[in-house]
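What follows is one structure encoded as structure tokens, with my remarks underneath.
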Number of protein chains: 2
Amino acid sequence: MNKEEYRQRIIAAADRLYYTRGFSSVGMDQLRDAAGVSLRRLYQLFPSKGDVVMAVLRGRRRMWVEGLDQHVNAAGTPREKLLAVYGFLSDWFCEEDFRGCGFVNAFAELGAVNSDVADIAREHKVSFQRYLGELVERIGADSSLAAQLALLAEGAQTTAAITGQAETADRAREAAEVLIDAALERAGSDSRESVSPARATSDA
Amino acid sequence: MNKEEYRQRIIAAADRLYYTRGFSSVGMDQLRDAAGVSLRRLYQLFPSKGDVVMAVLRGRRRMWVEGLDQHVNAAGTPREKLLAVYGFLSDWFCEEDFRGCGFVNAFAELGAVNSDVADIAREHKVSFQRYLGELVERIGADSSLAAQLALLAEGAQTTAAITGQAETADRAREAAEVLIDAALERAGSDSRESVSPARATSDA
DNA sequence: AAGTCTAGAGAACGATCGTTCTCAACGCAA
DNA sequence: TTGCGTTGAGAACGATCGTTCTCTAGACTT
């Protein structure tokens with residue numbers, strides 16, 4: 001077992017503990033036990049708890065991007081790709097230990113006293129909006145649609161976390177369909193003169 | 001200065017400290033200094049820190065309801081009342097120490113280890129949805145619209161908190177207008193046969 | 001085989017936290 | 001004035017936390 005494998009073991013254990021109980025509720029001793037490493041090795045690989053926290057958040061960022069890409073790429077049309085975002089959320093919300101967006105939670109708990117945490121949370125949200133912006137561009141709708149769809153996704157995460165209702169993702173998806181169609185209508189009536197309501201998928 | 005006045009002083013100081021720095025970052029000593037009371041009196045009025053936290057959250061709940069009511073009641077038509085929700089958010093987001101929804105933050109930091117906190121956060125979100133449900137009922141749209149509008153408001157709060165962009169409230173409002181109009185169209189074409197797109201405000 | 005380096009187990013340390021206790025000062029009834 | 005209850009200021013306590021240190025055992029080099 002090399003250093004990188006130890007790192008991954010620690011990050012995986014820390015991610016689960018921090019996510020389910022909060023950051024300040026989990027001490028280094030508990031992390032050592034859960035990861036099955038010595039305190040010495042833990043501090044050798046991560047000089048401080050803050051380093052563990054940041055490594056966990058970076059890992060979560062990667063997993064989010066991968067999971068999202070996977071769902072979006074599996075969808076066919078650009079419109080379906082946009083809606084696949086909410087399918088991704090739905091799958092996530094159904095996991096038994098789902099407890100909201102890890103970055104929102106980290107920002108809430110540590111953002112005010114740890115600027116690195118605040119920064120990565122902001123980056124995460126901004127890059128998600130950018131991601132949606134690219135998908136929105138492909139269906140030929142105005143970029144403001146991306147911001148609207150991001151709000152739905154964001155709201156779904158916190159609502160599902162607090163109320164525990166995984167179906168929240170479906171409500172977000174339904175709202176997204178309405179917003180997408182409305183944006184496409186607008187785009188259609190802007191470029192030409194006027195266009196029939198539904199069905200306005202752009203090219204791939 | 002009677003007991004109730006002391007309580008309010010303590011709650012006000014705790015609210016500001018907890019909201020801006022997080023709950024576990026603020027100790028009872030700092031709270032004592034900020035509130036200008038003795039530790040003895042603090043513990044006399046609030047037997048434990050958890051009691052202060054719950055009192056703060058209950059106070060925030062009251063302030064949220066009052067502020068929301070104020071904005072909504074100032075609006076004329078039912079449709080404007082629904083949109084006033086986002087005006088309320090906009091004003092809030094512009095406050096300099098805005099740091100997101102206090103209940104989301106509390107849930108993120110303490111919800112996993114403090115069921116009272118998780119409960120009040122859930123109650124807060126559910127009652128907001130119910131509130132929107134009543135407003136939605138008045139414009140004659142389907143109740144699913146309330147869930148959609150709640151997601152926008154929820155997403156706006158976390159997005160504005162993390163990115164710092166107060167204009168997020170305006171994006172949410174624009175999306176809300178689209179969703180409201182679409183819901184009214186649906187309601188119209190259900191009860192009658194078909195109806196013109198915009199302008200379908202119901203009676204007061 | 002001797003010496004050197006590494007690592008595990010966990011004790012120890014210093015800081016901080018929530019909470020309680022001490023003690024002196026004060027208000028007030030008799 | 002004397003005695004009694006209450007209060008403020010802050011020391012003290014016990015627990016916990018992040019971090020470091022000690023001690024020992026084993027692996028590896030020559």
Side-chain angles (χ1 to χ4, degrees), chain A residues 1-58 105-106 108-117, chain B residues 1-58 105-106 108-117:
Chain A
M1 199 174 230
N2 64 31
K3 286 203 176 191
E4 193 50 35
E5 288 170 326
Y6 275 117
R7 277 186 69 93
Q8 294 312 318
R9 268 176 70 114
I10 293 169
I11 291 175
D15 183 84
R16 187 160 22 88
L17 287 175
Y18 290 160
Y19 183 67
T20 55
R21 301 191 212 164
F23 295 94
S24 52
S25 293
V26 178
M28 297 298 268
D29 287 2
Q30 299 172 57
L31 175 54
R32 170 200 53 179
D33 294 343
V37 301
S38 69
L39 217 45
R40 183 193 192 92
R41 187 183 294 276
L42 208 172
Y43 273 93
Q44 174 186 320
L45 296 172
F46 300 95
S48 78
K49 181 176 179 177
D51 294 316
V52 182
V53 169
M54 288 305 294
V56 162
L57 290 178
R58 278 189 278 264
N105 294 350
E109 186 169 355
L110 305 172
V113 292
N114 184 329
S115 60
D116 289 336
V117 168
Chain B
M1 197 174 234
N2 63 30
K3 287 205 174 192
E4 192 50 35
E5 288 170 327
Y6 274 118
R7 278 186 69 93
Q8 292 313 316
R9 267 175 72 113
I10 293 169
I11 290 175
D15 184 83
R16 186 160 24 85
L17 287 174
Y18 290 161
Y19 183 66
T20 56
R21 301 190 211 166
F23 295 92
S24 51
S25 292
V26 178
M28 296 297 271
D29 286 3
Q30 298 173 57
L31 175 54
R32 170 201 54 179
D33 294 343
V37 303
S38 68
L39 216 44
R40 183 191 192 92
R41 187 182 294 276
L42 208 172
Y43 273 94
Q44 174 186 320
L45 296 173
F46 301 95
S48 79
K49 182 176 179 178
D51 294 316
V52 182
V53 170
M54 288 306 294
V56 163
L57 291 179
R58 279 188 277 264
N105 294 349
E109 186 168 353
L110 305 173
V113 292
N114 184 328
S115 61
D116 289 336
V117 168

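Chain letters run A, B, ... following the sequence lines, proteins first and then strands; every chain starts at 1.
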task = State which of dG18(C), dG8(D), dT19(D) makes the closest approach to the side chain of Arg41(B).
result = dG8(D)
ask   = Once you round it to whole Å, what is the distance between C1' of dT16(D) and NZ of Lys49(A)?
value = 11 Å
remark   = Across all chains, not counting sequence neighbours, the side chain to side chain donor-acceptor pair (under 3.5 Å) partners of Asp51(A) are Ser48(A)
key: Among dG10(D), dG18(D), dA9(D), the one nearest Arg32(B) by side-chain distance   = dG10(D)
Nearest to side-chain heavy atoms of Tyr43(A), which nucleotide of dT19(C), dA7(C), dG18(D) = dG18(D)
request  = Would you give the length of the straight line joining atom CG of Leu110(B) to atom CE of Met54(B), rounded to the nearest 0.5 angstrom?
outcome  = 10.5 Å
Which donor-acceptor pairs under 3.5 Å do side chains of residues 38-46 of chain B form with protein atoms, sequence neighbours excluded?
residue	atom	partner	partner atom	Å
Ser38(B)	OG	Arg41(B)	N	3.1

message = Near DNA chain C, counting only heavy atoms under 4.0 Å, which residues of residues 3-21 of chain A show up?
response = Tyr6(A)
Would you give me the side-chain donor-acceptor pairs under 3.5 Å for residues 23-33 of chain A, sequence neighbours excluded?
residue	atom	partner	partner atom	Å
Ser24(A)	OG	Glu109(A)	OE2	2.6
Ser24(A)	OG	Ser24(B)	OG	3.4
Ser25(A)	OG	Arg21(A)	O	3.2
Gln30(A)	OE1	Arg21(A)	NH1	2.9

key: Side chain of Asp29(B) - closest among dG8(C), dG18(D), dT19(C)   = dT19(C)
Look for any protein N or O under 3.5 Å of an N or O in nucleotides 21-29 of chain C and output each such pair with its distance, or none.
residue	atom	partner	partner atom	Å
dT22(C)	O4	Arg40(B)	NH1	3.4

May I have the list of side-chain donor-acceptor pairs in residues 3-18 of chain B shorter than 3.5 Å, sequence neighbours left out?
residue	atom	partner	partner atom	Å
Glu4(B)	OE2	Gln8(B)	NE2	2.8
Glu5(B)	OE1	Asn2(B)	N	2.9
Arg9(B)	NE	Ala35(B)	O	3.2
Arg9(B)	NH2	Ala35(B)	O	2.7
Asp15(B)	OD1	Arg60(B)	NE	2.8
Asp15(B)	OD2	Arg60(B)	NH2	3.2

query = At under 4.0 Å between heavy atoms, what does Val52(A) touch on the DNA or RNA strands: base, sugar-phosphate, or nothing?
reply = nothing
request  = With sequence neighbours excluded, tell me which residues meet side-chain contact (heavy atoms from CB on, under 4.5 Å) with Thr20(B).
outcome  = Asp97(B)
task = Describe the nucleic acid contact of Ser48(B) in one word from base, sugar-phosphate, nothing, applying a heavy-atom distance below 4.0 Å.
result = sugar-phosphate
